[in-house]
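Please read all numbers here as calculations on a predicted model, not as lab measurements.
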Amino acid sequence: MDLDLTDRHALVCGASQGIGRACAIELAQLGASVTVSARHADALRQLVHELPRANAAQRHGFLVCDAADTDSLRRAVDELVTERPVHILVNNTGGPPPGPVHGAQIEAFLAAYRAHLVANHVLAETVIPGMQAAGFGRIVNIISTSVKEPIAGLGVSNTTRWAVASWAKTLATELAPFGITVNNVLPGSTNTQRIKQIVATRAEKSGASVADAQRAMEAEVPARRFAEPAEIGAAVAFLASPAAAYITGVNLPVDGGRTRSL
Ligand code: NAD
């Protein structure tokens, strides 16, 4: 199986912690040069030092940008691709705040669409010409299992993820002739800051302790545990590899079996 990403350049967004950070590490382990992106330079600079180097050609770097600021995002990624084309794009950022959809403010929808759907689109549009020129491209979007089964208490998030999944499926169809694949990875509950926030919200609502709220969530997973970020990163790295060339337009749950639908 060909998993070699030597001479490929990956841009991983939301990479300063959690799932994005794990994706950057896995891609670097397969030989890619990785540009990690998020809002704070210090965390990114540190990560660049820590990323694996599997071959002499690897040149890791970082890009400071805010997914919520569309114009500056476009400018920053424009500059990056002028310097060196991006062959692998991992679209990822922080999840929208939890809460029911009934009563959600219009601003919350607009903010979530901007940071997810619009940011993904701007990033993809900027990197696609380089992918076309290379005859190789991988776009992997980190979304959520809520694409298949909406999750209670994540109203704005559920709605936004579905929009991203539909955008990705459409794009996958358009880009397949160019050797570019577009896929979504749907993490189940994964041990990061994001899941800590969700567990804390559940505990507060139910009156249970944080430990009990987490145990209840873990009991809903057939694997009886949360995922480690590296397990999500491994799925992303596989989809980015030459071996996954014929997989496009899919929603891949990495959730320990939690999603019950087919
Ligand atoms: P996280 O909050 O731990 O990390 C989010 C990353 O995005 C960080 O690097 C953060 O700095 C960056 N970020 C946040 N806002 C940004 C902005 N405006 N511009 C640029 N970067 C920004 O989250 P995570 O757990 O790693 O999750 C990543 C994605 O996967 C999120 O969309 C999350 O909702 C989704 N997800 C997570 C889980 C889980 O259990 N952790 C489950 C399903 C889906």
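- When all heavy atoms of His9 and Thr35 are compared, the pair lying nearest together is NE2-OG1, 2.7 Å.
- One finds the CD1 atom of Ile198 at 7.0 Å from the OG atom of Ser189 (value rounded to the nearest 0.5 Å).
- Residues Arg75 and Asp78 are not paired through a salt bridge, judged by the lack of any N-O separation under 4.0 Å between the basic side chain and the carboxylate.
- One side chain, Arg161 or Ser157, offers a donor N or O that lies under 3.5 Å from an acceptor on the other.
- Within the 4.5 Å cutoff, the side chain of Arg260 has heavy atoms near those of the Pro222 side chain.
- Summarising the geometry, atom CZ belonging to Arg258 is positioned 8.5 Å from atom CZ belonging to Phe226; distances are rounded to the nearest 0.5 Å.
- A donor-acceptor pair under 3.5 Å links the side-chain atoms of Gln58 to the main chain of Asn55, judged by distance alone.
- Val122 and Val164 fall within the same hydrophobic cluster, defined by Ile, Leu, Val, Met, Phe, Trp and Tyr side-chain heavy atoms under 4.5 Å apart, directly or through other members.
- Judged by distance alone, the side chain of His116 and the main-chain N or O of Gly94 form a donor-acceptor pair under 3.5 Å.
- No side-chain heavy atom of Ser16 sits less than 4.5 Å from a side-chain heavy atom of His40.
- Listed here is the closest heavy atom pair of Ala165 and Asn184: CA-ND2, 3.7 Å.
- At a threshold of 4.5 Å between side-chain heavy atoms, the hydrophobic network of Ile, Leu, Val, Met, Phe, Trp and Tyr places Leu47 and Val12 in one connected group.
- Annotation: the span from Met131 atom CE to Leu175 atom CG amounts to 8.5 Å, rounded to 0.5 Å.
- Smallest separation of non-hydrogen atoms from Thr190 and Ile195: O-CG2, 2.9 Å.
- If you chain together hydrophobic residues whose side chains sit under 4.5 Å apart, Leu73 and Leu171 fall into the same group.
- Asn183 places a side-chain N or O within 3.5 Å of a backbone atom of Val250 that can act as its donor or acceptor partner.
- A donor-acceptor pair under 3.5 Å is formed between the side chain of Arg224 and the backbone N or O of Ala219.
- Within the 4.5 Å cutoff, side-chain heavy atoms of Leu154 are placed close to those of Pro98.
- The closest donor-acceptor contact from the side chain of Asn92 to the backbone of Ile142 lies at 3.5 Å or more, if one exists at all.
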| query | Could you go step by step and tell me if Cys13 and Leu123 meet the side-chain contact (heavy atoms from CB on, under 4.5 Å) rule? | reply | CA-CA 10 Å; Cys13 304; Leu123 287 159; 3.8 Å; yes
Extract all donor-acceptor atom pairs below 3.5 Å that involve side chains of residues 19-34 and protein atoms in other chains or at least two apart in sequence.
{"residue": "Arg21", "atom": "NH2", "partner": "Glu50", "partner atom": "OE1", "Å": "2.6"}
{"residue": "Ser33", "atom": "OG", "partner": "Arg59", "partner atom": "N", "Å": "2.8"}

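- Qualifying side-chain contact (heavy atoms from CB on, under 4.5 Å) partners for Pro242, counting only residues two or more places apart in sequence or in other chains: Asp2, Leu5.
- Atom CZ of Phe136 sits about 4.5 Å away from atom CZ of Arg8, to the nearest 0.5 Å.
- Criterion: ILVMFWY side-chain heavy atoms under 4.5 Å apart, direct or through other members. Under it, Trp162 and Val185 are not part of a common hydrophobic cluster.
- Counting heavy atoms from C-beta outward, Ile151 and Thr145 have side chains that approach closer than 4.5 Å.
- A heavy-atom distance below 4.5 Å is not found between the side chains of Pro187 and Val254.
- Met217 has its side chain out of reach of Gln214: every pair of non-hydrogen atoms, C-beta onward, lies at least 4.5 Å apart.
- One hydrophobic cluster, built from ILVMFWY side chains closer than 4.5 Å, holds both Leu89 and Ile180.
- Across every non-hydrogen atom of Val156 and Thr160, the tightest pair is O-OG1, 2.7 Å.
- Checking side-chain atoms of Asn141 against main-chain N and O of Ile143 turns up no donor-acceptor pair under 3.5 Å.
- Across all non-hydrogen atoms, the minimal contact from Thr93 to Ala67 is OG1-CB, 3.9 Å.
- Here the CD1 atom belonging to Ile247 is positioned 8.5 Å from the OG1 atom belonging to Thr181, to the nearest 0.5 angstrom.
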| query | Checking side-chain contact (heavy atoms from CB on, under 4.5 Å) for the pair Arg53/His60: CA distance, chi angles, key distance, verdict? | reply | CA-CA 9 Å; Arg53 283 176 171 75; His60 305 313; 3.5 Å; yes
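- Listed for the Arg194 side chain is a donor-acceptor partner under 3.5 Å among the backbone atoms of Gly95.
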| request: Applying side-chain contact (heavy atoms from CB on, under 4.5 Å), run through Leu252 and Leu239 and close with a yes or a no. | output: CA-CA 10 Å; Leu252 176 63; Leu239 288 172; 4.2 Å; yes
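- The structure places CZ of Phe62 at 11.5 Å from CD of Gln46, a figure rounded to the nearest 0.5 Å.
- Contact detail for Ala240 and Ile88: the closest heavy-atom pair is CB-CG2, 3.9 Å.
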| message | Between Gln17 and Thr192, is the side-chain contact (heavy atoms from CB on, under 4.5 Å) condition met? List the steps. | response | CA-CA 8 Å; Gln17 63 180 39; Thr192 69; over 6 Å; no
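- Between the Thr248 side chain and the Val182 main chain, a donor and an acceptor come within less than 3.5 Å of each other.
- Judged purely by atom type and a 3.5 angstrom limit, Glu149 uses its side chain to pair as donor or acceptor with the backbone of Ser261.
- Put simply, the side chain of Arg84 never gets that close to the backbone of Val81: no donor and acceptor are under 3.5 Å apart.
- Proximity of Ile128 to Ile139: side-chain heavy atoms (C-beta onward) are separated by under 4.5 Å at one or more points.
- Using a 4.5 Å cut-off on side-chain heavy atoms (C-beta onward), Val77 and Leu63 make contact.
- By the neighbour-count criterion of 12 heavy atoms within 6.0 Å, atom CD of Glu228 is densely surrounded, having more than that number from other residues, nucleotides or ligands.
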